[in-house]
Every structure is written in C-alpha cells, then in structure tokens.
Colleague: 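Below is a structure I'd like to ask you about.
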Amino acid sequence: QVQLVESGGGLVQAGGSLRLSCAASGSIFSIILMGWYRQAPGKQRELVAFITSGGNTNYADSVKGRFTISRDSAKNTVYLQMSSLKPEDTAVYYCKFTGANNYWGQGTQVTVSS
C-alpha cells in the first residue's frame with residue numbers, strides 16, 4: 001500500500017505562483033510513475049504532468065512552460081511548481097503514483113482569481 005498526502009493548494013491571483021507537494025509513505029519501492037492531475041467543476045479529470053522513476057517528465061500542452069514537476073527521492077515527495085497561473089488553472093489537483101496499482105491523493109484545491 002502507498003499513502004499520498006497533498007498540500008500547498010490555495011487562493012492566488014492570476015499571474016501568481018503556488019507549489020504543490022505530494023508526500024508518499026508505504027511501499028513506494030514499486031512506484032514507476034508519479035503524476036499530477038486536475039479536475040475542474042463539470043469537467044473530466046485530466047493529466048497535468050508526470051515524472052518517471054528515471055526522471056523523465058511530460059506536461060500537458062496547457063501548462064508547458066508554466067508548471068514544473070520534480071521529486072525529492074530522499075523525502076518521497078513529488079512537487080508541482082506552478083507559475084503564471086491563470087483562472088482556467090482553477091481545479092482540484094490530485095497526485096497519482098503508479099506501480100503494481102494506482103494510488104491517489106485526496107486532492108488539494110487551487111483557485112486562481114482574475
């Protein structure tokens with residue numbers, strides 16, 4: 001089992017920045033992929049970014065150049081640095097770890113005001 005706890009969400013003005021954290025505990029040795037997803041009201045959950053166990057990253061087109069995913073293996077934590085935030089980035093953000101199973105965090109709200 002893997003437990004994920006997210007933090008760092010909040011209210012920010014357009015153009016501002018936030019950093020989300022996802023701290024993992026449990027059997028994380030089997031994890032091969034770590035990602036951030038988001039779900040806005042009335043919309044489907046979508047992939048924002050992911051990072052592999054080898055350190056490769058990928059981003060949704062809508063966040064390229066503004067968001068950066070990173071990890072601290074010593075702390076078993078994945079981060080999402082979000083800059084130049086836009087009102088359309090408003091959503092609940094979830095982290096997901098993939099190994100033998102998929103594990104999800106509880107979500108953290110990000111609200112960007114115009």
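Because only heavy atoms are used, hydrogens play no part in the values below, and waters and symmetry mates are left out as well, while side chains stay in.
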Colleague: For residues R71 and T52, report the shortest heavy-atom separation together with the two atoms involved.
Modeller: NH1-O, 3.5 Å

Colleague: Could you measure the distance from the OG atom of S73 to the CD1 atom of I28? Nearest 0.5 Å is fine.
Modeller: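 Those atoms lie 8.0 Å apart.
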
Colleague: Testing the basics here: between A49 and Y59, what is the closest heavy-atom pair and its distance to 0.1 Å?
Modeller: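 Smallest heavy-atom distance, with atoms named: CB-CD2, 3.5 Å.
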
Colleague: Given the rule in the side chain to side chain contact (heavy atoms under 4.5 Å, CB included) test, do R45 and W104 qualify, once you have shown the distances and angles that lead to the verdict?
Modeller: CA-CA 12 Å; R45 192 171 297 188; W104 290 90; 3.3 Å; yes

Colleague: Between S17 and Q81, which heavy-atom pair has the shortest distance, and what is it?
Modeller: CB-NE2, 4.0 Å

Colleague: First locate atom OH of Y103, then atom SG of C22, and finally report the distance between them rounded to the nearest 0.5 Å.
Modeller: 13.5 Å

Colleague: Would you compute the distance between atom CG of L33 and atom CD1 of I51 and round it to the nearest 0.5 angstrom?
Modeller: 9.5 Å

Colleague: Ignoring hydrogens and angles, tell me if any N or O in the side chain of E6 forms a donor-acceptor pair with the backbone of Q106 under 3.5 Å.
Modeller: yes

Colleague: Going from CG on N76 to CG on L4, what distance comes out if it is rounded to the nearest 0.5 angstrom?
Modeller: 10.5 Å

Colleague: Hydrophobic clusters here meaning ILVMFWY residues chained together by side-chain heavy-atom distances under 4.5 Å, can you tell me if I31 and I69 are in one?
Modeller: yes

Colleague: Between CG of L80 and OH of Y37, what distance do you get to the nearest 0.5 Å?
Modeller: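 Going from CG on L80 over to OH on Y37, the span is 13.0 Å.
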
Colleague: Any chance you could measure T108, atom OG1, to L18, atom CG, to the nearest 0.5 Å?
Modeller: 9.0 Å

Colleague: Checking F50 against N56 for the side chain to side chain contact (heavy atoms under 4.5 Å, CB included) test, could you report, in this order, the C-alpha distance in whole Å, the side-chain angles of both residues, the deciding distance, and whether it holds?
Modeller: CA-CA 8 Å; F50 69 78; N56 295 315; over 6 Å; no

Colleague: Between S21 and T77, what is the shortest heavy-atom contact and its length?
Modeller: CB-CG2, 4.3 Å

Colleague: Both conditions, 6.0 Å and 45 degrees, for the charged tip of R19 above the ring of Y79: are they met here?
Modeller: yes

Colleague: Could you give the side-chain donor-acceptor pairs of residues 85-99 under 3.5 Å, partners two or more places apart or in another chain?
Modeller:
residue, atom, partner, partner atom, Å
D89, OD1, R38, NH1, 2.9
D89, OD1, R66, NH2, 3.0
D89, OD2, R66, NH1, 2.7
D89, OD2, R66, NH2, 3.4
D89, OD2, K86, N, 2.8
T90, OG1, P87, O, 2.9
T90, OG1, V112, N, 2.9
T90, OG1, V112, O, 3.4
Y93, OH, R38, NH1, 2.9
Y93, OH, D89, O, 2.6
T98, OG1, N102, OD1, 3.0

